[in-house]
Amino acid sequence: MMDMKSVESKWQAKWEKSRINVFNKKNADKKWYVLEMFSYPSGANLHVGHWYNYGPTDSYARFKKMQGYELFQPMGFDAFGLPAENYAIKTGIHPKDSTEKNIATMERQLHNMGAMFDWTAEIKTCEENYYKWTQWLFLQLYKKGLAYRKAALVNWCPDCETVLANEQVLGDGVCERCGSVVLRKDMTQWFFKITDYAEELLDDLDKLDWPEKTKLMQKNWIGKSTGCEIRFACETGDEIAVFTTRPDTVFGVNYVVLAPEHPLVEKLKAAHPENADAIDAYVRYAAEANDIDRLSTTREKTGVFTGAYATHPITGKQVPIYLADYVLYSYGTGAVMAVAAHDERDYAFAKKYGLPVTQVIQKVGGETVLPFTEDGILVNSGEFDGLSGDEARDAIAAYLTKTGKGGKKVNYRLRDWSVSRQRYWGAPIPMIHCDKCGIVPVPEKDLPVKLPYDVEFRPTGKSPLATHEGFMNCTCPKCGGKAQRDPDTLDTFVCSSWYFLRYPDAHNDKQAFSTEIADQMAPVDVYVGGYEHACMHLLYARFITKALRDMGYIHFDEPFKRLVHQGIILGPDGNRMSKSRGNVISPDKYVDEYGSDIFRLYLMFGFSYTEGGPWNDDGIKSIAKFTDRVERLVRNSLEEKANTNNLMNAAEKQLNYAKNYAIKSITRDIEVFSFNTSLARIMEYVNALQKYETETQKNVAFYKACIDDLVRMLAPFAPHFSEELWEILGHKDSVFTETYPLVDEQALIKDETEYAVQINSKIKAKMTLPENLSNEEIQAIVCANADIAALLEGKTVKKCIVVKGRLINLIVG
RNA sequence: GCCGAAGUGGUGGAAUGGCAGACGCGUCGGACUCAAAAUCCGAUGGUAGCGAUACCGUGUGGGUUCAAGUCCCACCUUCGGCACCA
C-alpha cells in the first residue's frame with residue numbers, strides 16, 4: 001500500500017519544479033481555458049463544496065491536457081464582500097487582515113489538493129493591482145453612458161442606522177442584528193444599464209452551450225414581453241403611463257393603480273389633503289413588505305384610494321386612481337391599468353374595494369366565467385367589438401399611436417444593475433462630487449482610488465468611507481477646487497464580472513488586459529460553478545463582455561462558451577451544510593487519512609456530478625481498496641517474464657475489448673462531466689485485467705501495454721497516484737506528457753450479440769445471434785427456435801420489431 | 001407566490017423511447033487462517049413456489065406507444081433562485 005501523503009508531496013514538488021501546470025504561451029493556438037468559479041474566502045477552510053467544484057473539474061482539465069490541448073486553469077479569490085465586514089464588526093478584526101489570513105490558508109489547501117492550477121496567474125480582487133482595473137471598468141461604462149445615478153429602494157434599519165443586505169433581513173422583515181422592523185428607503189445609487197443589452201442577452205442565449213434550464217432561467221429573468229404603453233391623463237395635469245400586454249381589454253379599465261413609491265403620489269396627496277393621512281399610512285405599510293411577498297398571488301390584496309381620477313384615453317371616462325403594493329415601481333412604468341373582469345389580481349382587488357367589473361372579452365364557444373384571463377372576442381369595446389385578441393391588440397395599439405395616447409412597446413422584467421454599496425470592504429467608486437462641476441470621474445491616471453485601511457466600519461448611519469476625511473476630501477480634477485469622493489463601494493459582482501479576462505494577463509500593469517491576449521485566450525472554453533449563479537453573476541459577466549466588445553476592448557460576444565453546474569453536497573442530514581445546523585463536513589480529515597487522490601476519486605464516484613446529494617462516507621474505504629488493487633496489479637505486472645506467447649486468442653481479445661470499451665466510454669462521459677460512470681468503466685477494466693492476470697499463458701508484451709494504458713487512463717482521476725505508478729513502471733517523464741489512450745474501434749467489433757426475445761412486449765427468451773443478419777433472417781431464426789415455436793403454437797405473427805443489437809418483439813394474435 | 005430542477009433496491013447511483021437496477025457500498029454464504037484482519041469466489045429488487053417459472057416493481061393518478069424511469073396531462077414532496085450573501 002502506497003503512502004499517499006509522501007507520494008502527493010513528492011509529485012507536487014516535481015510539478016512545481018517542471019512548471020507543468022503553467023500555461024505555455026507558445027502553444028496558445030491549442031489553448032483550452034478551463035475555469036472554475038473562484039472562491040470567496042469567507043471561512044478559513046476549504047470545504048467539501050470547493051473540493052467538489054475543483055477536484056473533478058481538474059480531472060476534466062487534466063484529461064484535456066492529455067488530449068493534447070495547452071491547458072489554462074487559473075485560480076484566485078473573490079475577496080471583497082459583506083461577510084468579512086460583518087465578521088469585522090463582530091470581532092474587531094480588520095477585513096483585510098481576516099481576508100488575507102483566510103486566503104493564505106485556502107491557498108495552502110488548494111496546493112495540497114494537487115490540481116493543475118496555474119498559480120502564476122493568480123488573482124485577488126481586493127488587491128490594488130486588481131481593483132484598480134475594476135475601477136477602470138466603471139469609468140469606461142460611465143464614459144459609454146452605461147453607468148448612471150438614480151434613486152432606488154434599500155433596506156434600512158432605523159435603529160442600527162445602516163443599509164442591510166437582503167440576507168440580513170430576517171423572514172418576518174426584521175433586522176438580524178437588533179430585531180427592528182426594516183424599512184425600505186430611497187437612496188441615490190449608481191446603476192449599470194444592463195437593460196440596454198436585454199435584447200442581445202436574450203438572443204445570444206441560443207449561441208451558448210449551456211444547460212437548457214440555465215438558459216431558460218435567464219430568459220425568464222430577462223422577461224421580455226411585448227405589449228402596449230397607454231397614457232392616462234391625470235387630473236393633476238400629469239400623464240400616467242401604464243404598460244400592458246392586454247391592450248385588447250382597455251375598454252374594461254375600472255381603475256388605475258400606482259405603486260406606492262410612484263413619484264406622482266406626492267402630487268396626488270397635495271391635491272387631496274383629505275386622503276393624505278390614509279395615503280401616508282399606506283405608503284409606510286408598503287415600505288415594510290418585500291417584493292416577493294408583494295408579488296404573491298395568494299396574499300390578501302391591499303390598497304388605498306387617492307381621491308384622484310384619471311381620464312380613460314379612448315372613452316374619456318373618469319377612473320379612480322388607487323395605490324396598491326401588488327404593483328411594483330421597479331417593473332414596467334410602476335403603474336397598471338386595472339381590468340377587473342380579465343385579471344386575477346385586479347378582480348380580487350375590485351371585489352374587496354367594491355369597484356365595478358366590466359366584461360369586455362367573451363369566451364369563444366362557452367360561458368364566460370369572470371375573471372376570464374384568456375383570449376376571446378371583444379364586446380363592449382365600441383368600434384373594436386367582434387375582434388379577436390390578436391386583431392384587437394394590433395388595432396388598439398394603432399389607434400393609440402394615432403391619437404398620441406400610447407402605442408406598441410416591448411418591456412423587460414430585467415432591471416438595471418444597482419452597483420453602489422454603502423459598505424467598506426469593496427472597491428471604491430472612482431467618482432468625485434464637486435459643488436461647482438457636479439459629478440466628475442477620477443482621471444484614469446489617478447487610479448486606483450485606494451481603499452484606506454484605518455476606517456470605522458461599524459455602522460454610523462453613513463457609508464463607512466464617508467467618515468474618513470483623508471479619503472473623502474480631494475480636489476476636483478476639472479476645476480481644481482475642493483471636492484468630495486463618492487463614499488460608496490462597488491457591488492462585488494462587478495469584480496467577478498470581468499475576472500476571466502484578467503487571468504490570462506494577470507500581471508499587466510498598463511491595462512486591465514491586453515486586447516490581443518484576451519482575444520486569443522477567451523472566451524472560456526468550459527466554465528464550472530454552481531447553479532445558484534444562473535441569473536445574476538452569469539448575466540452580469542455576459543453584459544460586461546458585450547459592453548467591452550462595443551467599446552472595442554475585445555472582439556467576441558460571450559464570456560463562457562460552455563457552462564457546467566456541479567451539484568451541491570449536502571450535510572449528512574440532507575440539509576445544506578451550515579455552521580448553525582452543525583452539519584458541516586470538513587474534507588481535511590479525509591484528506592489526512594486517505595490522501596487527496598482518494599478523496600477526489602470518492603467525490604467523483606459517489607455522486608452524480610451535476611446532482612450532488614447528502615454526504616456519507618460509506619464508500620470512501622472502497623476507493624482505497626480499489627487503488628490498492630490497481631497498485632498490486634501494476635507491481636505484479638513487473639514480475640511477468642518475457643513472452644511465452646504473442647497470440648491474440650480469446651482471452652486477449654476479451655481484455656482488448658474491455659480496454660477499448662473503457663476508453664471509448666470514458667472519452668465520451670468525461671466530456672459531459674459524468675465522472676461516476678467514467679470510473680465505473682475503469683473499474684470494469686481493472687476487473688478484466690485481474691481476470692487475465694490469472695491466465696497461465698500470457699501474452700506478456702500485450703499485457704504490459706494494457707497496464708500502461710490503465711495508468712494513462714487513470715491519471716486524470718488520480719494524478720499523484722498515477723504518476724507514482726508510471727514511475728514504478730519505469731517511465732521517466734510525467735504521465736501528463738502522455739497522450740490519453742485512443743480507442744481502437746476494430747477491437748469493439750463483436751461477431752455475435754445477445755438479443756432479448758419478446759412476445760407481445762414480454763420477454764420470453766434470450767438468444768445469441770451473429771452480426772450482419774437482415775431483419776427477415778433474424779425473424780426466421782427466432783421463429784425456428786424450439787422454445788419460441790412452442791410459445792407461438794396456434795398463433796400468427798402479425799408484426800416483428802427488430803431493434804438491432806438489442807431486442808426482437810413478436811406481435812402475435 | 002413566481003421561475004427552474006429533482007424523486008429509481010437496504011444504500012450511493014446506472015440506463016440514445018428498446019432486457020430497469022451498470023459500477024460500487026452493505027448484507028448473506030463459501031475459500032484461505034489455530035483465529036482474526038486483509039484478500040479471493042458466489043448470491044443479493046419484492047411476493048409466491050422445492051423448482052422451472054409466474055406476478056408485481058422507477059413519488060401518486062391518468063394518457064400516448066408494439067414498447068415508458070424516459071414522452072404528454074394533473075397532482076404530491078424535496079431542493080435552487082427571486083435582483084444588497086457570493
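These numbers come from the heavy atoms of this one structure, side chains and all, not from hydrogens, waters or symmetry mates.
Using a 4.0 Å heavy-atom cutoff across all strands shown, A:Ser420 reaches at least one base atom of the nucleic acid. In this structure, A:Val154 reaches the bases: a heavy-atom distance under 4.0 Å links it to at least one base atom across the strands shown. Base contact: A:Arg413 has a heavy atom under 4.0 Å from a base atom. In this structure, A:Arg632 reaches the sugar-phosphate backbone alone: every heavy-atom distance under 4.0 Å involves primed, P, OP1 or OP2 atoms, never a base. Residue contacts shown for A:Leu414 include a base, since a base heavy atom lies under 4.0 Å away. A:Glu532 comes within 4.0 angstrom of a nucleotide base, judged by non-hydrogen atoms across all strands. Across all strands, A:Met217 comes closer than 4.0 Å to base atoms (heavy-atom distances). At the heavy-atom level, A:His537 lies nowhere under 4.0 Å from the strands shown.
Taking CE from A:Met75 and CD from A:Glu36, the interatomic distance works out to 5.0 Å, rounded to the nearest 0.5 Å.
Crowding of A:Lys150 atom NZ: a count of heavy atoms from other residues, nucleotides or ligands under 6.0 Å exceeding 12. Summarising the local packing, NZ of A:Lys804 is surrounded by more than 12 heavy atoms from other residues, nucleotides or ligands at distances under 6.0 Å.
The same atom, P, is picked in B:rG59 and in B:rC41; the two are 34 Å apart, to the nearest Å. Only the P atoms considered, B:rC23 is 12 Å distant from B:rA43, to the nearest whole Å. B:rA5 and B:rG10 have their C1' atoms separated by 27 Å, with the value rounded to a whole Å. One P atom belongs to B:rA83, the other to B:rC75, and the distance between them is 27 Å to the nearest Å. Straight-line distance between the C1' atoms of B:rG42 and B:rU47: roughly 24 Å, to the nearest whole Å. Comparing B:rU60 with B:rG9, their P atoms sit 10 Å apart, to the nearest whole Å. Nucleotides B:rC72 and B:rU65, compared at atom P, are 16 Å apart to the nearest Å. When the C1' atom is compared between B:rG45 and B:rG63, the two are found 27 Å apart, to the nearest whole Å.
Following rounding to the nearest Å, A:Tyr52 (OH) and B:rG80 (C1') show an atom-to-atom distance of 15 Å. Atom P of nucleotide B:rG18 and atom CD of A:Glu754 are separated by 18 Å, given to the nearest angstrom. To the nearest angstrom, P of B:rA83 lies 16 Å from OH of A:Tyr331. Distance NZ (A:Lys691) to P (B:rU39): 22 Å, rounded to an integer number of Å. Rounded to a whole Å, the CG atom of A:Asn636 is 12 Å from the C1' atom of B:rU39.
Applying the 4.0 Å criterion to OP1 and OP2 of B:rC79, one finds that A:Arg576 has every side-chain N and O outside that range. One finds a side-chain N or O of A:Thr492 lying less than 4.0 angstrom from the OP1 or OP2 phosphate oxygen of B:rA86. Of the side-chain N and O atoms in A:Asn676, none sit less than 4.0 angstrom from OP1 or OP2 of B:rC23. For the pair A:Asn166 and B:rA83, the criterion of a side-chain N or O lying under 4.0 Å from OP1 or OP2 is met. Checking the phosphate oxygens (OP1, OP2) of B:rC19, a side-chain nitrogen or oxygen of A:Arg806 falls inside 4.0 Å. Phosphate contact (OP1/OP2 of B:rC3, side-chain N/O of A:Lys219, threshold under 4.0 Å): absent. Listed pair A:Arg299 / B:rG1 fails the phosphate criterion, with no side-chain N or O lying under 4.0 Å from OP1 or OP2. Put simply, A:Thr214 has no side-chain N or O that comes within less than 4.0 Å of OP1 or OP2 on B:rG4.
The A:Gln690 side chain lies nearest to B:rC40 when the options are B:rC40, B:rC23, B:rG18. Of the candidate nucleotides B:rG13, B:rA83, B:rC40, B:rA83 has the atom lying nearest to any side-chain atom of A:Arg415. The side chain of A:Phe605 approaches B:rG12 more closely than any other nucleotide in the set B:rG4, B:rG12, B:rC84. Comparing B:rG4, B:rC85, B:rA86 by their closest approach to the side chain of A:Met536 singles out B:rA86. Minimum atom distance to the side chain of A:Lys625 is reached by B:rU39, of the listed B:rU39, B:rG18, B:rC23. Which of B:rC23, B:rA86, B:rA5 sits closest to the side chain of A:Asn687 comes down to B:rC23. Each of B:rC23, B:rC84, B:rG13 was ranked by its minimum atom distance to the side chain of A:Phe607; first place goes to B:rG13. Nearest to the side-chain atoms of A:Ser418 among the listed nucleotides B:rG81, B:rC84, B:rG13 stands B:rC84. Relative to the side chain of A:Ala756, the nucleotides B:rC19, B:rG4, B:rA86 differ in distance, and B:rC19 lies closest.
With hydrogens and angles left out, the side chain of A:Gln422 and the base of B:rC84 share a donor-acceptor pair within 3.5 Å. Counting distance only, with no hydrogens placed and no angle test, the side-chain atoms of A:Lys621 and the base atoms of B:rC25 include no donor-acceptor pair under 3.5 Å. For B:rC25, the base has no donor-acceptor partner in the side chain of A:Asp618 [N/O atoms by modelled type, under 3.5 angstrom]. At a cut-off of 3.5 angstrom, counting only N and O atoms as typed in the model, there is a donor on one side and an acceptor on the other between the side-chain of A:Arg423 and the base of B:rC84.
Taking the six-membered ring for Trp and thresholds of 30 and 60 degrees, A:Tyr499 and A:Phe38 have nearly parallel ring planes, at less than 30 degrees apart. Ring-plane geometry between A:Phe673 and A:Tyr609 is classed as tilted, the angle between the planes lying from 30 to 60 degrees on a 0 to 90 degree scale.
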Applying ring pair (Phe, Tyr, Trp, His ring centres under 6.0 Å), run through A:Phe500 and A:Phe560 and close with a yes or a no. CA-CA 9 Å; A:Phe500 51 92; A:Phe560 315 121; 5.0 Å; yes

Would you sketch RNA chain B in dot-bracket for me? Only Watson-Crick or G-U wobble pairs with both distances under 3.5 Å count, crossing pairs as [ ], other-strand pairs as |, the rest as dots. (((((((..(((.....[....)))((((((.......))))))((((....))))..(((((..]....))))))))))))....

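Judged by closest nucleotide on RNA chain B, A:Lys762 is the one of A:Trp221 and A:Lys762 placed further toward the 5' end. Taking the nucleotide of RNA chain B with the nearest heavy atom to each of A:Gln189 and A:Ile763, the more 5' of the two is matched to A:Ile763.
Nucleotide B:rG21 carries an anti base; the chi torsion (O4'-C1'-N9-C4 or O4'-C1'-N1-C2) is more than 90° from 0.
The residue from A:Lys301, A:Arg184, A:Arg299 that alone fulfils the salt bridge (charged side-chain N to carboxylate O under 4.0 Å, His left out) condition with A:Asp325 is A:Arg299. Of the candidates A:Thr492, A:Asp488, A:Asp491, A:Asp491 is the only one forming a side-chain hydrogen bond (donor to acceptor under 3.5 Å, both in side chains) with A:Arg421. With A:Phe80 as the fixed residue, the ring-ring contact (aromatic ring centres under 6.0 Å, His included) test singles out one of A:Tyr130, A:Tyr424, A:Tyr40, A:Trp425: A:Trp425. The only option from A:Trp51, A:Phe626, A:Trp615, A:Tyr52 that meets the ring-ring contact (aromatic ring centres under 6.0 Å, His included) definition with A:Tyr602 turns out to be A:Trp615.
Looking at A:Glu176 and A:Glu167, their side chains never come closer than 4.5 Å, going by heavy atoms from C-beta outward.
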